[in-house]
Number of protein chains: 2
Amino acid sequence: MSTRRETVRQALTGSTGFRSAQDLYADLRAEGSKIGLTTVYRALQALSETGEVDVLRTNEGEAVYRACDTEQHHHHLVCRVCSTAVEIEGPAVEAWATEVGTRYGFTGVTHTVEVFGTCASCASR
Amino acid sequence: MSTRRETVRQALTGSTGFRSAQDLYADLRAEGSKIGLTTVYRALQALSETGEVDVLRTNEGEAVYRACDTEQHHHHLVCRVCSTAVEIEGPAVEAWATEVGTRYGFTGVTHTVEVFGTCASCASR
DNA sequence: GGGAAAATGAAAACGATTGTCAAAACGCGT
DNA sequence: ACGCGTTTTGACAATCGTTTTCATTTTCCC
C-alpha cells in the first residue's frame, strides 16, 4: 500500500538478521530518509500482521523483526553475536508439540521455537 | 536469604501458572504485605539468576515467572487462558536443536521452546 | 481541481523495569 | 540489651521501548 511501508519492508529485506524498530529507524535516517519513528512502528506492526515478517522478543523484551523467505510456519537459528538468522524446519518438533499438547488435554496447540548459537564466522573471530 | 525474597518465592510457588512481577506485587499487597514493587523485582531477578524460577516473555514483552518443580532443563505447556503451566520434556527436541545448530556450523547451541494451548477446563467453559 | 479518507510524524502518554538514596532491619561482637 | 557497620528495603524518579493523540500532509477518486 503505502510508500513508507514498502520502504520499511525493503530495509528489513536488505538486512541479514533480526532488527529492532529502533535499529531500522536509525538505518533509514542514516541513509537520508525523513521517515518518523512512529511510522516505522506502524509499518512493522502491519507487516507482522500479514505474516510478511516474523517477530520475536529478545530476553530484554525488545521486539525484533525479520523478513522471511517463506510465509509458512518455520523457525530460526539465530547467531547470538551478529543476529544473522537461518530459517529452519523441524517436522519432528511440530509433531512433538501437538502430540504433547493433546496428551495433556490442550486444544488449539501452538508453539514457539528459537535456536540460538554462535555462527561459524563469529566464532572464528 | 532475606525474608522478602522468601515471601516472593512462596507467592510464586503458591500460584499455578506464570505470573508477572506486577501480578505478584498485587497479590502480596492484597494479602496485607507491605512489600514494595522494587523489592518484588529484585527478588525475582535474584531467583531467576539462581535458576530457582523460570522466566519468559509474553508477546506483549512482559516478563513472567514461574517456580518450577525441577531446576533441570525443561519446557512448558501453557494454557493461554488461565496460564496454568505443565512442565514437559522433549528429548527429541533437544537432539534436534543441537543437530540443526551444528549442521549450520553454529557453536554453543541453546534453544527456547514454549507450547501454548487451551487447557481442558478452560475449553469446557 | 476539490474534498473525503488514509498516511504521516512530532510530541505526549504509557507501562514495565531499573536506578537512586535515605530510612529501616539485621548481624554480631561486646 | 547496645552499638555499629552492612545489607535490605521501598518510595520516588528516571529510563526505555512502544503506543496514542492530533494536527498536517498526501493520496485517491470523482
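Naming convention: chains lettered A, B, ... in sequence-line order (proteins, then strands); numbering from 1 in each chain.
- A side-chain donor-acceptor contact under 3.5 Å links A:S20 to the backbone of A:D23.
- Checking side-chain atoms of A:R19 against main-chain N and O of A:V64 turns up no donor-acceptor pair under 3.5 Å.
- Following rounding to the nearest Å, B:R5 (CZ) and D:dT8 (C1') show an atom-to-atom distance of 10 Å.
- Under the 6.0 Å cut-off for aromatic ring centres, A:H111 and B:H75 do not qualify, their centroids lying 6.0 Å or more apart.
- At D:dT19, none of the side-chain N or O atoms of A:Y41 fall inside 4.0 Å of OP1 or OP2 (strictly under the cut-off).
- Computed from coordinates, the B:L37 CG to D:dT9 C1' distance equals 13 Å when rounded to whole Å.
- Taking for each of A:K34 and B:E62 the nucleotide of DNA chain C with the nearest heavy atom, the 5'-most of the two is the partner of A:K34.
- If you check C:dT17, D:dT18, D:dT9 against the side chain of B:R4, the one that comes closest is D:dT9.
- Each of D:dT18, D:dG10, C:dG9 was ranked by its minimum atom distance to the side chain of A:I35; first place goes to C:dG9.
- Between the side chain of B:R42 and the base of D:dG10 there is at least one donor-acceptor pair of N/O atoms closer than 3.5 Å.
- Within 4.0 Å (heavy atoms only), A:E60 reaches no atom of the nucleic acid at all.
- For B:T38, the listed nucleotide lying nearest its side chain is D:dA11; candidates were C:dA16, D:dT9, D:dA11.
- For B:R57, taking side-chain heavy atoms from C-beta onward, the closest of the listed nucleotides C:dT17, D:dG17, D:dT19 is C:dT17.
- B:L44 places its CG atom 13 Å from the P atom of D:dG10, with the value rounded to the nearest Å.
- Residue B:A21 places its side chain closer to C:dT17 than to any other of C:dT18, C:dT17, D:dT19.
- We find that CG of A:D23 is positioned 12 Å from C1' of D:dG17, with the value rounded to whole Å.
- Spacing between atom CG of B:L56 and atom C1' of C:dA16 amounts to 16 Å, rounded to whole angstrom units.
- Between B:R66 and B:E52 no salt bridge is recorded (no basic side-chain N to carboxylate O distance below 4.0 Å).
- For the pair A:Y25 OH and D:dT18 P, the computed distance is 14 Å after rounding to whole Å.
- The listed nucleotides are C:dA16, C:dT18, D:dT9; the one nearest the side chain of B:T39 is D:dT9.
- Atoms CG (A:N59) and P (C:dT18) sit 12 Å apart, rounded to a whole Å.
- Nucleotide D:dG17 holds its P atom 5 Å from the CD atom of A:Q22, rounded to whole Å.
- Judged purely by atom type and a 3.5 angstrom limit, A:R80 uses its side chain to pair as donor or acceptor with the backbone of B:G108.
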